[in-house]
Amino acid sequence: MGSFVFFALLFLACGPGALSFKLFRQEWSMLILTHHWPQTFCSEEHCETDIGYWTLHGLWTNKGFTCNSSWHFNASLIEDLMPQMRKWWPDLLHPSPSPATAFWKHEWMKHGTCAAQLESMDTEHKYFSKALELYNKLNLDGTLRDHNIVPSETYYSLDDIEGAILSFYKVKPKIQCIHPATGEQMQVLGQIEICFDPEFTLVDCHKAAEDPRSGPNDNLTSHPYGDTGFKVCDRSTKVYYPPVNKGSIKHHMRGFL
């Protein structure tokens, strides 16, 4: 009886989201700001887009996911962020004049409820605001262009792309591609992760055994929220960075000599 009274009082004092988080939170040590290239994503997921800049996939923690299943997403709490969300963090699978919130709900439930161990991200609004702030501050798209890494019919080495990021941010990213199938001789640039410590200082991304994102990354896909084929790029294989709407990526991969 005493235990029931204790938890009832704690529930009333903290609220359901805070209580569940305090009891079940999972410690993490790194934040992963993940960008994806819309042309590559849509080539895999059979969607269409004319977006020609890197969009935000999410802000993830390196440990834990769905840390608080009772802390439900509420779109009304981020209504003021919607213009930025639609532009920089779009749902590529379900484009719509009005905001489609399934993607953002997924990112909040799976990743935001874990990031919320930090006071600076301990509400839904803080989490999405911080992700947008970091995305815009990094300006990955502009950084790559400034280093002459642009969508092109020619090909890059992984060292070209990694070197541009390393020279500017002074940290190593994690760069992911769609790997070539049998008969194909190049990989397609798809996703780039840039990492921060809990104080939001840039740090090297590393492929840790305990990091569930060492393999294929979580993506919003039509089979709901499953994995696409993004895996860490092979350093010995040429990289195709597809321009906007320049035909089938698979055609380019087969035709590469």
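Residue numbers run from 1 in the order of the sequence given. Atoms considered below: every heavy atom in the structure, side chains included; atoms not considered: hydrogens, waters and symmetry mates.
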- prompt: Hey, are Asp80 and His125 close enough side-chain-wise for a donor-acceptor pair under 3.5 Å?
  reply: yes

- prompt: Would you say the side-chain atoms of Asp159 and Ser157 include a donor-acceptor pair closer than 3.5 Å?
  reply: no

Test item: [X] side-chain N/O and [Y] main-chain N/O as donor-acceptor pair under 3.5 Å:
{"X": "His35", "Y": "Ile192", "value": "yes"}
{"X": "Tyr241", "Y": "Trp37", "value": "no"}
{"X": "His179", "Y": "Val232", "value": "yes"}
{"X": "Tyr156", "Y": "Val150", "value": "yes"}
{"X": "Trp108", "Y": "Trp71", "value": "yes"}
{"X": "Gln39", "Y": "Ile51", "value": "yes"}

Which distance, rounded to the nearest 0.5 Å, do you find between the [atom1] of [X] and the [atom2] of [Y]?
{"X": "Thr101", "Y": "Ile78", "atom1": "OG1", "atom2": "CD1", "result": "8.0 Å"}
{"X": "Lys137", "Y": "Leu33", "atom1": "NZ", "atom2": "CG", "result": "11.5 Å"}
{"X": "Phe128", "Y": "Met85", "atom1": "CZ", "atom2": "CE", "result": "4.5 Å"}

Lys126, NZ: over 12 other non-hydrogen atoms inside 6.0 angstrom: yes

query: Do other residues, nucleotides or ligands put more than 12 heavy atoms under 6.0 Å from Glu79 CD?
result: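 No.
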
field: Step-by-step side-chain contact (heavy atoms from CB on, under 4.5 Å) determination, Trp28 to Gln117
entry: CA-CA 9 Å; Trp28 49 266; Gln117 79 173 50; 3.0 Å; yes

field: For Gln191 against Trp54, the heavy-atom pair lying closest together
entry: CA-CZ3, 4.0 Å

- request: Carefully, step by step, assess Leu31 and Lys130 under the rule side-chain contact (heavy atoms from CB on, under 4.5 Å).
  value: CA-CA 11 Å; Leu31 287 164; Lys130 179 56 72 173; over 6 Å; no

field: Aromatic contact, Phe73 with Trp104 (centres under 6.0 Å)
entry: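 When the ring centroids of Phe73 and Trp104 are compared, they turn out to be at least 6.0 Å apart.
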
- prompt: Does the gap between the ring centers of Tyr135 and Trp89 come in under 6.0 Å?
  reply: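 Judged by ring-centre distance (under 6.0 Å), Tyr135 and Trp89 do not meet the cut-off.
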
query: Angle class for the Trp88/Tyr53 ring planes (parallel below 30°, perpendicular above 60°, tilted otherwise)?
result: perpendicular

message: Does the plane of the ring in Phe41 sit parallel, tilted or perpendicular to the ring in His36? Use 30° and 60° as the thresholds.
response: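 Aromatic pair Phe41/His36 classed tilted.
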
